[in-house]
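Numbers here are sequence positions counted from 1. As the structure is a prediction and not an experimental result, all values here were calculated from the model. The analysis underlying the following values was restricted to heavy atoms, covering all of them including side chains, and did not include hydrogens, waters or symmetry mates.
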Amino acid sequence: MSLVGKKFPNLTIDAMSEMGDDLRINILEEATKNQQKVLLFWYPKDFTFVCPTELHAFQEALGEFEKRNTKVIGASCDTNEVHFAWLNTPKDNGGIEGVTYPLLADTHRQLANTLGIVDQDFEYNEDGEEIFTGSNVTYRATYLIDETGKIFHEAVNDMPLGRNVKEFLRLIDAYTHVQKHGEVCPANWEEGKDAMKADRTSTAEYLAKN
């Protein structure tokens, strides 16, 4: 079930900083108390394959998110200790050394299960007993949260599929344009392109020009 348009869950979760500090982070409070947007991205597991490419990609774009008053936070169901070990593993050895944004450690899967993004399935044996199947880690879910704590975008990729970081920058630009100007953003809209008023006349004029 989609959570777009709803408030992000009000849950406080363990996290790890790049300096090895144990943190407690509440995503809803990060947005509302600091009056900033938040990009929260989940990845399946530390010390895996696609995951470090994504964490480095978000790090490389961190300055662009900061220009847009957007805080980046990563998340998985690993422990703080495993996060810290990965943060201290060099990039050329598959690690994420150099990543500076915090990483949630949702080891009890409290938030991940609330969001419904954990790969969990159940089957039954011949005796009717429930048997757990699935990896019990999260899919590649991404949430964009505005300054009121409302989720304005969510996306969930299957585990083999890495994300396009530039698309999240475009979505933040589009949503900020809507907030500032009260217009709507058509397909493939980018900063500097024409937007529209939410009426038939404006739509017709836009289509006639494009």
Chemist: Taking Leu171 as the starting point, is it possible to reach Ile145 by hopping between hydrophobic residues whose side chains are less than 4.5 Å apart?
Modeler: no
Chemist: Using a 4.5 Å cut-off on heavy atoms from C-beta on, say whether the side chain of Leu28 contacts that of Pro9.
Modeler: no
Chemist: Quick one about Asp22 and Asn80 (side-chain donor to acceptor, distance below 3.5 Å, no hydrogens or angles considered), yes or no?
Modeler: yes
Chemist: Find out if a path of hydrophobic residues (ILVMFWY) with successive side-chain heavy-atom gaps under 4.5 Å connects Val99 to Phe168.
Modeler: yes
Chemist: Lys7 side chain to Thr148 main-chain N or O, any donor-acceptor pair under 3.5 Å?
Modeler: yes
Chemist: Does any part of the side chain of Lys37, heavy atoms only, come nearer than 4.5 Å to the side chain of Glu147, both counted from C-beta?
Modeler: yes
Chemist: Over all heavy atoms of both residues, which pair between Ile73 and Glu30 is shortest? Give the atoms and the distance, please.
Modeler: CD1-CG, 4.4 Å
Chemist: Got a donor-acceptor contact below 3.5 angstrom from the His56 side chain to the Gly95 backbone?
Modeler: yes
Chemist: For side-chain contact (heavy atoms from CB on, under 4.5 Å), just list the numbers for Cys77 and Val137, CA-CA rounded to whole Å, side-chain angles, deciding distance to a tenth of an Å, and then say yes or no.
Modeler: CA-CA 7 Å; Cys77 297; Val137 298; 5.5 Å; no
Chemist: Going by side-chain contact (heavy atoms from CB on, under 4.5 Å), name the residues that satisfy it together with His108, two or more places apart in sequence or in a different chain.
Modeler: none
Chemist: If you compare all heavy atoms of Gly149 against all heavy atoms of Thr32, which two are closest, and at what distance to 0.1 Å?
Modeler: N-CG2, 3.7 Å
Chemist: Flag yes if Val38 and Met16 sit in one hydrophobic cluster, no otherwise; membership is Ile, Leu, Val, Met, Phe, Trp, Tyr, and two members link when side-chain heavy atoms are under 4.5 Å apart.
Modeler: no
Chemist: Ignoring hydrogens and angles, tell me if any N or O in the side chain of Asn210 forms a donor-acceptor pair with the backbone of Tyr206 under 3.5 Å.
Modeler: yes
Chemist: Going by heavy atoms in the side chains, are Val184 and Met196 under 4.5 Å from each other?
Modeler: yes
Chemist: One pair to check against side-chain contact (heavy atoms from CB on, under 4.5 Å): Glu190 and Arg170. What are the steps and the verdict?
Modeler: CA-CA 6 Å; Glu190 294 177 343; Arg170 188 194 72 83; 4.2 Å; yes
Chemist: Shortest non-hydrogen contact from Phe84 to Gly20?
Modeler: CE1-CA, 3.3 Å
Chemist: Do the non-hydrogen side-chain atoms of Phe65 and Phe58 ever get within less than 4.5 Å of each other?
Modeler: yes
Chemist: How close do Pro102 and Val72 get, heavy atom to heavy atom, and via which atoms?
Modeler: CD-O, 3.8 Å
Chemist: Any donor and acceptor pair, going by atom type alone, linking the side chain of His83 with main-chain N or O of Leu104 inside 3.5 Å?
Modeler: yes
Chemist: For residues Asp46 and Ser76, determine if any side-chain heavy atom of one lies less than 4.5 Å from a side-chain heavy atom of the other.
Modeler: yes
Chemist: Would you check if Glu81 and Trp86 make a side-chain contact, meaning some heavy-atom pair closer than 4.5 Å?
Modeler: no
Chemist: Any side-chain donor-acceptor pair under 3.5 Å between Ser2 and Glu154?
Modeler: yes
Chemist: When you check the side-chain N and O atoms of Thr100 and Gln59, is any donor under 3.5 Å from an acceptor?
Modeler: yes
Chemist: Tell me the closest heavy-atom pair linking Asp78 and Pro44, and the distance in Å.
Modeler: OD2-O, 4.5 Å
Chemist: With a 4.0 Å cut-off on N to O distance, would you call Glu183 and Lys197 a salt bridge?
Modeler: no
Chemist: Would you kindly say whether Arg68 and Thr176 are connected by a side-chain donor-acceptor distance under 3.5 Å?
Modeler: no
Chemist: Lys166: what forms a side-chain contact (heavy atoms from CB on, under 4.5 Å) with it, not counting sequence neighbours?
Modeler: Asn164
Chemist: List in chain and number order the residues that pass side chain to side chain donor-acceptor pair (under 3.5 Å) with Asn157, two or more places apart in sequence or in another chain; answer none if no residue qualifies.
Modeler: none
Chemist: Within the structure provided, determine whether Arg163 and Arg140 are in side-chain contact (heavy-atom separation under 4.5 Å).
Modeler: yes
Chemist: Write down the atom of Ala85, the atom of Phe47, and the distance for their closest heavy-atom approach.
Modeler: C-CZ, 3.8 Å
Chemist: Go through the side-chain N and O atoms of Tyr139 and Asp158 and say whether any donor and acceptor fall under 3.5 Å apart.
Modeler: no
Chemist: Quick check against the 3.5 Å criterion: does Asp106 have a side-chain atom that pairs as donor or acceptor with the backbone of Gln110?
Modeler: yes
Chemist: May I ask whether Phe152 and Phe8 are part of the same hydrophobic cluster, defined by side-chain heavy atoms of I, L, V, M, F, W, Y residues being less than 4.5 angstrom apart, directly or through others?
Modeler: no
Chemist: What's the verdict on ring pair (Phe, Tyr, Trp, His ring centres under 6.0 Å) for Tyr101 and Phe41, showing C-alpha distance, side-chain angles and the deciding distance?
Modeler: CA-CA 11 Å; Tyr101 48 82; Phe41 74 97; 5.8 Å; yes
Chemist: Hydrophobic cluster membership, with links at side-chain heavy-atom distances under 4.5 Å among I/L/V/M/F/W/Y: are Leu111 and Ile117 in one?
Modeler: yes
Chemist: Do Tyr43 and Met159 make a side-chain contact, defined as non-hydrogen atoms from C-beta onward lying under 4.5 Å apart?
Modeler: no
Chemist: Judged by modelled atom types alone, do Asp119 and Asn136 share a side-chain donor-acceptor pair under 3.5 Å?
Modeler: no
Chemist: Between the side chain of Thr48 and the main-chain N/O of Lys45, is any donor-acceptor distance below 3.5 Å?
Modeler: yes
